[in-house]
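See structure below.
Quick caveat, the model's predicted, so the values are computed rather than measured. Note on naming: letters A, B, ... go to the chains in the order of the sequence lines (proteins, then strands), and numbering restarts at 1 for each one.
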Amino acid sequence: MNYWLFKSEPYKYSWDNLCKDKQTYWDGVRNYQARNYMRQMEIGDFGLFYHSNEGKEAVGIVKIIKKCYPDHTFKPEPNKSNPWEMVDIAAVAPLKKAVTLAAVKSNPELSNMALVTKQRLSVQPITPEEWQKVLDMAETKQPERGAAL
DNA sequence: GCCAACGTTGGC
DNA sequence: GCCAACGTTGGC
C-alpha cells in the first residue's frame with residue numbers, strides 16, 4: 001500500500017469537480033518522473049488531492065481505481081510511440097480541515113515531504129508516516145480500504 | 001506579475 | 001555528451 005499526492009490547479013480541475021465526477025482520468029502528465037510514479041501505483045492506493053496556485057492546500061483523499069495505461073491526450077506523431085500514461089482516480093472523502101502548504105512547511109516532521117522538496121513535481125509519493133501526519137493535521141481518519149464517496 | 005527551480009531541446 | 005536557451009510550474 002503506497003500513498004501519493006496529486007496536484008491540480010483548481011481553475012482547471014478542482015476537488016469539487018472530482019466530487020461531481022466521482023472519478024477521473026489523471027491525464028496530460030508530461031513529466032517522466034511523474035509518469036514513473038504513476039507506474040508504481042496499485043489499485044486501492046490512497047492519495048491526497050492538492051490545489052496548487054489557488055489554495056495551496058490538500059483538500060481531499062482519492063484512491064487509485066485503474067492502473068497505468070496509455071494517455072489518451074497524446075497526439076500521434078510520425079515515428080513516435082506514445083510515451084505518456086495515466087491512471088484513474090476516484091474521490092474517497094474530503095479532508096475535514098484542509099492542510100495548507102504553509103502548515104506542512106512549518107511542521108518539522110514534514111520537512112522531507114516531496115511537496116516541499118520537489119516543488120514542481122505534479123505527482124508525488126508520500127511516506128506512510130507523512131500520510132498519517134497529514135491526516136492528523138486534517139483531523140480526518142484513515143478511510144477504509146475500498147471506501148468511496 | 002515576478003521569478004526561482006528545474007525539465008527539455010537543440011546546436012556544437 | 002555538454003551546455004546555453006527556452007518553456008513551464010508554482011510559490012510569493
message: Whether A:Lys7 contacts C:dG10 is assessed here as follows: a side-chain N or O lying under 4.0 Å from the phosphate OP1 or OP2. Is that the case?
response: yes
Next on the checklist: Counting only side-chain nitrogens and oxygens, does A:Tyr50 get under 4.0 Å of the OP1 or OP2 atom of C:dG11?
Outcome noted: yes
For the pair made of [atom1] in [X] and [atom2] in [N], what is the distance, rounded to whole Å?
X: A:Leu121; N: C:dG11; atom1: CG; atom2: P; answer: 12 Å
X: A:Glu57; N: C:dG10; atom1: CD; atom2: P; answer: 16 Å
X: A:Glu9; N: C:dG11; atom1: CD; atom2: P; answer: 9 Å
X: A:Asn31; N: C:dT9; atom1: CG; atom2: C1'; answer: 10 Å
X: A:Arg35; N: B:dG7; atom1: CZ; atom2: P; answer: 15 Å
X: A:Asn53; N: B:dG1; atom1: CG; atom2: P; answer: 13 Å
X: A:Tyr37; N: B:dG7; atom1: OH; atom2: P; answer: 11 Å
X: A:Arg120; N: C:dG7; atom1: CZ; atom2: P; answer: 14 Å

Practice problem: Verify the distance criterion only: is there a donor paired with an acceptor across the side chains of A:Asp88 and A:Trp26 at less than 3.5 Å? | Solution: no
- Item | Closest-nucleotide ordering on DNA chain B, the 5'-leading residue of A:Gln119 and A:Tyr32 |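 Final value for this comparison: A:Gln119.
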- Query: Per the side chain to side chain contact (heavy atoms under 4.5 Å, CB included) rule, which among A:Val29, A:Asp71, A:Ile64 passes with A:Met38?
  - Reply: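 Only one of A:Val29, A:Asp71, A:Ile64 forms a side chain to side chain contact (heavy atoms under 4.5 Å, CB included) with A:Met38, namely A:Val29.
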task: Give one of base, sugar-phosphate or nothing for A:Lys118, where a contact means two heavy atoms less than 4.0 Å apart.
output: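 If one applies the 4.0 Å heavy-atom cut-off, A:Lys118 turns out to touch nothing in the nucleic acid.
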> How about A:Tyr32 and A:Trp84: are their ring centres within less than 6.0 Å of each other?
Replying inline: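 Yes, ring centres under 6.0 Å apart.
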query = Parallel, tilted or perpendicular: which describes the rings of A:Trp131 and A:Phe46, with under 30° parallel and over 60° perpendicular?
reply =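 Judged by the thresholds at 30° and 60°, the geometry between A:Trp131 and A:Phe46 is parallel.
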